[in-house]
Amino acid sequence: MIQYKAVTPAIVAELSQIVGDKYVCTDKDKMEDYSHDAVTGDKYVYYPEVVVVPKTAAEIAAIVRIANRETIPVIPRGAGTGYACAAVAFGGGIMVSTERLDQILEFDEANLLMVVEPGVRTSEVQKAAHGRGYLYAGEPSSGDSSFIGGNVATNAGGIKAVKYGTTRQQVLGLEIVTAEGEIVTLGGKVKKDATGYNLAQLIIGSEGTLGIITKVYIRVMPRPQKVMDLLAVFPSVDASIAIVAKIMQSGILPVSVEFMDNKGIRCCEEYLNEKLPHSETGNYIIVSIEGDSEEALEDQCIEIDELCSANGANFVLVADPVKIWKARKSFGEANRARSLIFSAEDIVVPVAAIADVVKKLAELGERYQLTIHCVAHAADGNVHADILKEDLPMEVWEQKLPLLQEEIYEFVYSIGGKLSGEHGIGYKRLELMEKFTNPVELKLMRAVKKALDPQGIMNPGKIFHIE
Ligand SMILES: Cc1cc2nc3c(=O)[nH]c(=O)nc-3n(C[C@H](O)[C@H](O)[C@H](O)COP(=O)(O)OP(=O)(O)OC[C@H]3O[C@@H](n4cnc5c(N)ncnc54)[C@H](O)[C@@H]3O)c2cc1C
């Protein structure tokens, strides 16, 4: 067991010297915002001993060197929108907020890339690309709040991953501060790179456990001129999920293929106080396609419409994009409004197995007498199942939830699925990770952790136990 040291007044004074008094906080009353992420419940609230808000990579490197010298945990922090209790100071330590590293440093049109600091909001990156006629394809539903550094550290997915992949596919390179306080660029502006191990890709999705990202080189591409959104309404979960493979086999490559179950639709409707189409009994498949030719898109729409109608859709409509995406993106908040405490599961399975998972969830929800609402990035096999506590007494919830999760993941792993498609493991899923991950795979992950962070100071207590 690593024995971590406490942050002493002398260390706080050293930190103040690096970033300035104004950017060091030890006052618990002012640290509430930094004590949790989007995971709800008292057991996911932990205060750091100190929050520092540096402006440069050099300042971060100096902070990490102190932490390394003293064996103090360092917790990198983005916008705190994570769904895994990963940017939380489990066990005290120094929280390094990246909110002041908020500059778009370069728009390199010739190389079709942007160089951005980690504290830039995802939507600001999208807007900057958009303004010049380009597309940044990363699009988590939290994009108005999340930071690009947080997206990289969690390998965020979102609604455009079907066509463009997750954040991983958008990143060409990273600058990081290592766990020993050195600054290094991994990858960069090159499109291809066979120069040894791809360490940038190893950092992506590592949830702050291997280093702190201080600069991101991201791809942009010419922005498609036209987008069309179709809403197909099906009477059953089975019929709606079955259409996904048919669309993907048709030769059309959609940007998004999203599923919403009926209970989830009605919960969003109630939250937004807005009538959604055919919400009484329908299950939704939302398909988004984009391109430059209106005619070609219309042809694709007709083909998708015919496919859906021939395969059991009751209605297929051209959707109002603002309304339909507002509804889809409100799913998490709508569930939170219904039940302040809920568990957001982020199951990923082979695409063809989604219907099995959604059916299993319905069966388990009934057996455990717990409400479960589902949406899915359907063509990615990624099911978000929000399990609501509602008015259940806390002790009953805490007893039932782990038993239910155990049954869910026994099933998920039996069909070749995994714990998380895009939200990550953090502290929230650590015990499930230990239980369900192949021991050899875990051993390799621990070896990587040991090699890159020999003192074990980077975001301890996340992903897996370190020895
Ligand atoms: C309403 C809502 C909708 C969401 N929708 C999606 C979605 O569609 N797709 C999706 O993938 N996720 C989604 N999420 C989850 C979350 O928004 C993402 O995981 C996001 O990428 C987190 O970014 P953040 O800046 O808030 O990071 P934080 O929550 O602050 O941190 C997340 C992790 O990244 C690490 N980290 C942050 N910055 C750095 C850095 N510079 N260097 C190293 N490590 C760092 C932290 O230590 C932590 O481990 C959603 C969340 C909410 C609340």
Side-chain angles (χ1 to χ4, degrees), residues 33-34 36-40 44 48 54 57 60 64 73-90 93 95-102 116-123 125 138-161 166-168 174-179 203-216 256 258 268 271 325 328-337 342 344 346 348 375-377 380 382 384 386 420-430 453 458-463:
D33 279 355
Y34 299 99
H36 58 86
D37 63 2
V39 180
T40 51
Y44 297 111
I60 294 180
V64 173
V74 174
I75 303 92
R77 175 92 178 179
T81 68
Y83 264 147
C85 192
V88 177
F90 175 75
M95 178 166 283
V96 178
S97 169
T98 52
E99 67 204 61
R100 287 174 68 227
L101 281 89
D102 60 356
V116 301
E117 289 190 311
V120 181
R121 286 200 196 279
T122 316
S123 55
V125 175
E139 180 138 358
S141 300
S142 51
D144 286 340
S145 317
S146 67
F147 290 172
I148 196 80
N151 294 170
V152 175
T154 56
N155 185 26
I159 57 173
K160 289 190 170 167
T166 59
T167 302
R168 186 180 293 295
L174 299 174
E175 177 190 88
I176 64 159
V177 169
T178 69
I203 300 297
I204 298 167
S206 66
E207 301 183 44
T209 63
L210 300 178
I212 304 186
I213 298 153
T214 48
K215 214 181 264 181
V216 190
S256 317
E258 296 287 309
C268 293
Y271 172 70
W325 288 113
R328 168 60 189 88
K329 289 184 177 184
S330 73
F331 178 74
E333 291 313 305
N335 286 320
R336 190 189 304 274
F342 69 104
D346 179 37
V348 64
V375 294
H377 302 303
D380 297 330
N382 188 190
H384 294 321
D386 284 6
S420 175
E422 56 180 26
H423 293 162
I425 302 301
Y427 167 64
K428 183 184 165 186
R429 302 188 174 87
L430 181 146
D453 178 17
M458 290 306 308
N459 211 4
K462 313 293 158 43
I463 307 184

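In listed order, ligands and their atoms are each counted from 1. A quick note: this is a predicted structure, and the numbers were derived from the prediction, not measured.
When heavy-atom distances to ligand 1 are checked against a 4.0 Å cut-off, A38 comes that close only through its side chain, counted from C-beta outward. At a 4.0 Å heavy-atom cut-off, ligand 1 touches T81 through backbone and side chain alike. The proximity of H423 to ligand 1, defined as any non-hydrogen pair under 4.0 Å, is limited to the side chain. Looking at P118 against ligand 1, only its side chain comes within 4.0 Å, counting heavy atoms.
Between the side chain of K462 and the main chain of V88, a donor-acceptor pair closer than 3.5 Å is present. A distance-only check finds no donor-acceptor pair linking the side chain of N459 to the backbone of A87 [under 3.5 Å]. Listed for the N382 side chain is no donor-acceptor partner under 3.5 Å among the backbone atoms of H377. With hydrogens and angles disregarded, a donor-acceptor distance shorter than 3.5 Å links the side chain of S420 to the backbone of H423. A donor-acceptor pair under 3.5 Å links the side-chain atoms of D37 to the main chain of V39, judged by distance alone.
If you number the atoms of ligand 1 from 1 as listed, the ones under 4.0 Å from a heavy atom of N459 come out as 47 (O), 49 (O). Per-residue contacts place E333 under 4.0 angstrom from the following atoms of ligand 1 (heavy atoms of the residue considered): 1 (C). Close contacts of ligand 1 with A156, meaning ligand atoms under 4.0 Å from a residue heavy atom, involve 11 (O), 21 (O). Here is the list of ligand 1 atoms found below 4.0 Å of a heavy atom in I212: 42 (N), 43 (C). Below 4.0 Å from some heavy atom of G82 lie the following atoms of ligand 1, by number and element: 16 (C), 26 (O), 29 (O). Shown in contact with G211 at under 4.0 Å from a heavy atom are these atoms of ligand 1, numbered in order with element: 43 (C). Every atom of ligand 1 with a heavy atom of A153 under 4.0 Å away is listed here by number and element: 34 (O), 35 (C), 36 (N), 44 (N), 45 (C). Near G150, meaning under 4.0 Å from one of its heavy atoms, ligand 1 places the atoms 21 (O), 23 (O), 24 (P), 25 (O), 27 (O), 37 (C), 38 (N).
Considering only non-hydrogen protein atoms, atom 8 (O) of ligand 1 sits nearest to S141 N, 2.8 Å. Ranking protein heavy atoms by distance to atom 42 (N) of ligand 1, first place goes to I213 N, 2.9 Å. The closest protein non-hydrogen atom to atom 11 (O) of ligand 1 is G157 N, 2.9 Å. Atom 28 (P) of ligand 1 has G80 N, 3.6 Å as its closest protein atom, hydrogens excluded (heavy atom only). At the shortest separation from atom 37 (C) of ligand 1 among protein heavy atoms lies G78 N, 3.5 Å. When hydrogens are left out, the protein atom nearest atom 32 (C) of ligand 1 is T154 CG2, 3.7 Å; that is the closest non-hydrogen contact. For atom 20 (C) of ligand 1, the closest heavy atom belonging to the protein is N151 ND2, 3.6 Å. Scanning the protein heavy atoms around atom 49 (O) of ligand 1, the nearest turns out to be E207 O, 2.9 Å.
For the pair I75 and ligand 1, no heavy-atom separation below 4.0 Å is found.
When only interatomic distances are considered, the shortest N/O to N/O separation between K329 and ligand 1 does not fall below 3.5 Å. For the pair S142 and ligand 1, the shortest N or O to N or O distance falls below 3.5 Å.
Judged by distance alone, the side chains of T166 and N155 do bring a donor and an acceptor atom under 3.5 Å apart. S146 and T81 share no side-chain donor-acceptor pair at under 3.5 Å. A donor atom on one side chain and an acceptor atom on the other are not found under 3.5 Å apart for T209 and E207.
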Verdict with reasoning, I212 to V74, per side-chain contact (heavy atoms from CB on, under 4.5 Å): CA-CA 9 Å; I212 304 186; V74 174; 3.9 Å; yes

Let me see the working for H36 and Y44 under side-chain contact (heavy atoms from CB on, under 4.5 Å), right down to the final yes or no. CA-CA 6 Å; H36 58 86; Y44 297 111; 6.0 Å; no

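One finds a salt bridge joining K160 and E139 here, because a Lys/Arg side-chain nitrogen approaches an Asp/Glu carboxylate oxygen to under 4.0 Å.
When all heavy atoms of S256 and I159 are compared, the closest pair comes out as OG-O, 2.6 Å. The minimum heavy-atom distance between V152 and L174, with the atom names listed, is CG1-CD2, 3.9 Å.
P118 is not listed as a side-chain neighbour of F147, based on a closest heavy-atom distance of 4.5 Å or more.
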